[in-house]
K.L.:
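Below is the structure I would like to discuss, written out as structure tokens.
Each chain gets a letter, A, B and so on, in the order the sequences are listed, and its residues count up from 1.
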Number of protein chains: 2
Amino acid sequence: MGLSESMKVLADPVRRQIIEKLKTGPQTAGEIANSFELTNATVSYHLKLLKQAGFISEMKDKNFIYYSLNSTVFEDILTWIYQVGGKKNGQAD
Amino acid sequence: MGLSESMKVLADPVRRQIIEKLKTGPQTAGEIANSFELTNATVSYHLKLLKQAGFISEMKDKNFIYYSLNSTVFEDILTWIYQVGGKKNGQAD
DNA sequence: AATCTATTTAGAAATATATCTAAATAGATT
DNA sequence: AATCTATTTAGATATATTTCTAAATAGATT
């Protein structure tokens, strides 16, 4: 789970939208899939990549799978960008 | 220059290494290329993508082209990650 | 147990990406 | 002007990615 993998995962707009959607709380694969014009299979593929990279986790309940955000994992990326030259927003540099 | 493009550009390890190399100051395409086991043509291709995404700029002098880092452009990415769940502010955690 | 529901996996096709070699460009030097 | 040097562009190829449809799995309900 290196930086390349994390960034490659975040580089896709569908996956970023999934992450944004999960900000409002855990959701089932089906709920997530319904908000895209993509098949469930395709969304499942994206969920798998997000899970592998550690951005989301899953929790089974009945025959639903709830996905939720793992915000801690974004930190490696933040650290790298800081090192390399970002300063950003509202923060002293 | 959307977020997808920026992140896709940063997702490649060669391009991140180029960025890291440029942290020490402007360098010619040749100098950059020499530090990789890749042809000049390949490195030139990566420099083009980095330039298109706004991460680096070029400055011509004689028949050399110096490339240098544009650190400001990392901010969109930082902003997105913050929104989505990072905490982090450059201090160790 | 049979079936229904939610989701994933497998396989295929289209598109995108990274790399190479060879050729082209553009400026500097002789 | 001829040539050398630094770099990019073009074209080709191999690999990776995204998407689909169809089939498989696993748990819940009847």
K.L.:
Quick one: list whatever passes side chain to side chain contact (heavy atoms under 4.5 Å, CB included) with E58(A), sequence neighbours left out.
P.N.:
K51(A), K60(A), I65(A), Y67(A)
K.L.:
Flag the pair V43(B) / L38(B) as yes when at least one side-chain heavy-atom distance between them is below 4.5 Å, and no otherwise.
P.N.:
yes
K.L.:
Expressed as a whole number of angstroms, how long is the span from L47(A):CG to dT18(D):P?
P.N.:
13 Å
K.L.:
For dT19(C), does OP1 or OP2 lie under 4.0 Å from any side-chain N or O of H46(B)?
P.N.:
yes
K.L.:
Do L78(A) and I77(B) make a side-chain contact, defined as non-hydrogen atoms from C-beta onward lying under 4.5 Å apart?
P.N.:
no
K.L.:
Would you mind reporting whether I19(B) and W80(A) have side-chain heavy atoms less than 4.5 Å apart?
P.N.:
yes
K.L.:
Tell me if a side-chain donor or acceptor on D61(B) pairs with a main-chain N or O of F64(B) at a distance below 3.5 Å.
P.N.:
no
K.L.:
Which protein N or O atoms sit under 3.5 Å from an N or O of nucleotides 20-26 of chain C?
P.N.:
from	atom 1	to	atom 2	distance (Å)
dC20(C)	OP2	T39(B)	N	3.1
dC20(C)	OP2	T39(B)	OG1	3.2
dC20(C)	OP2	T42(B)	OG1	2.7

K.L.:
For Y45(B) and dA6(D), what is the distance between atoms OH and C1' respectively, to the nearest whole Å?
P.N.:
21 Å
K.L.:
Is there a side-chain contact between F55(A) and I18(A), using heavy atoms and a 4.5 Å cut-off?
P.N.:
no
K.L.:
To the nearest Å, give me how far apart CG (D61(A)) and P (dG27(D)) are.
P.N.:
13 Å
K.L.:
Whole angstrom is fine here: how far is it from NZ in K51(B) over to P in dT9(D)?
P.N.:
7 Å
K.L.:
In whole Å, what is the span from the OH atom of Y66(A) to the C1' atom of dT8(C)?
P.N.:
18 Å
K.L.:
Of all heavy-atom pairs between L10(A) and R16(A), which one has the smallest distance, and what is that distance?
P.N.:
O-NH1, 2.9 Å
K.L.:
More 5' along DNA chain D: K62(A) or R15(A), using each one's nearest nucleotide?
P.N.:
R15(A)
K.L.:
Short question: side chain of S44(A), backbone of N40(A) - any donor-acceptor pair under 3.5 Å?
P.N.:
no
K.L.:
Can you tell me if K8(A) touches the phosphate of dT17(D), counting only side-chain N or O atoms and a distance under 4.0 Å to OP1 or OP2?
P.N.:
yes
K.L.:
Nearest-Å distance, CG (D12(A)) to P (dT18(D))?
P.N.:
5 Å
K.L.:
Distance check needed: dT5(C) C1' versus E31(A) CD, whole Å only.
P.N.:
14 Å
K.L.:
What is the distance, to the nearest angstrom, from the CG atom on L49(A) to the P atom on dT18(D)?
P.N.:
7 Å
K.L.:
Can you confirm whether L49(B) sits close enough to Q52(B) that some side-chain heavy atom of one is under 4.5 Å from a side-chain heavy atom of the other?
P.N.:
yes
K.L.:
Report the secondary structure of DNA chain C in dot-bracket form, marking unpaired bases with a dot and bases paired to a different strand with |, and treating Watson-Crick or G-U pairs with both distances under 3.5 Å as paired.
P.N.:
||||||||||||||||||||||||||||||
K.L.:
Just call it for Y67(A): base, sugar-phosphate, or nothing, with non-hydrogen atoms closer than 4.0 Å on any strand.
P.N.:
sugar-phosphate
K.L.:
Looking only at the side chain of A29(A) (C-beta and beyond, no hydrogens), which of the listed nucleotides dT7(C), dT8(D), dT7(D) gets closest?
P.N.:
dT7(C)
K.L.:
For K60(B), answer base if it contacts any base atom (sugar-phosphate contacts may also be present), sugar-phosphate if it contacts only those atoms, and nothing otherwise; contact means non-hydrogen atoms under 4.0 Å.
P.N.:
nothing
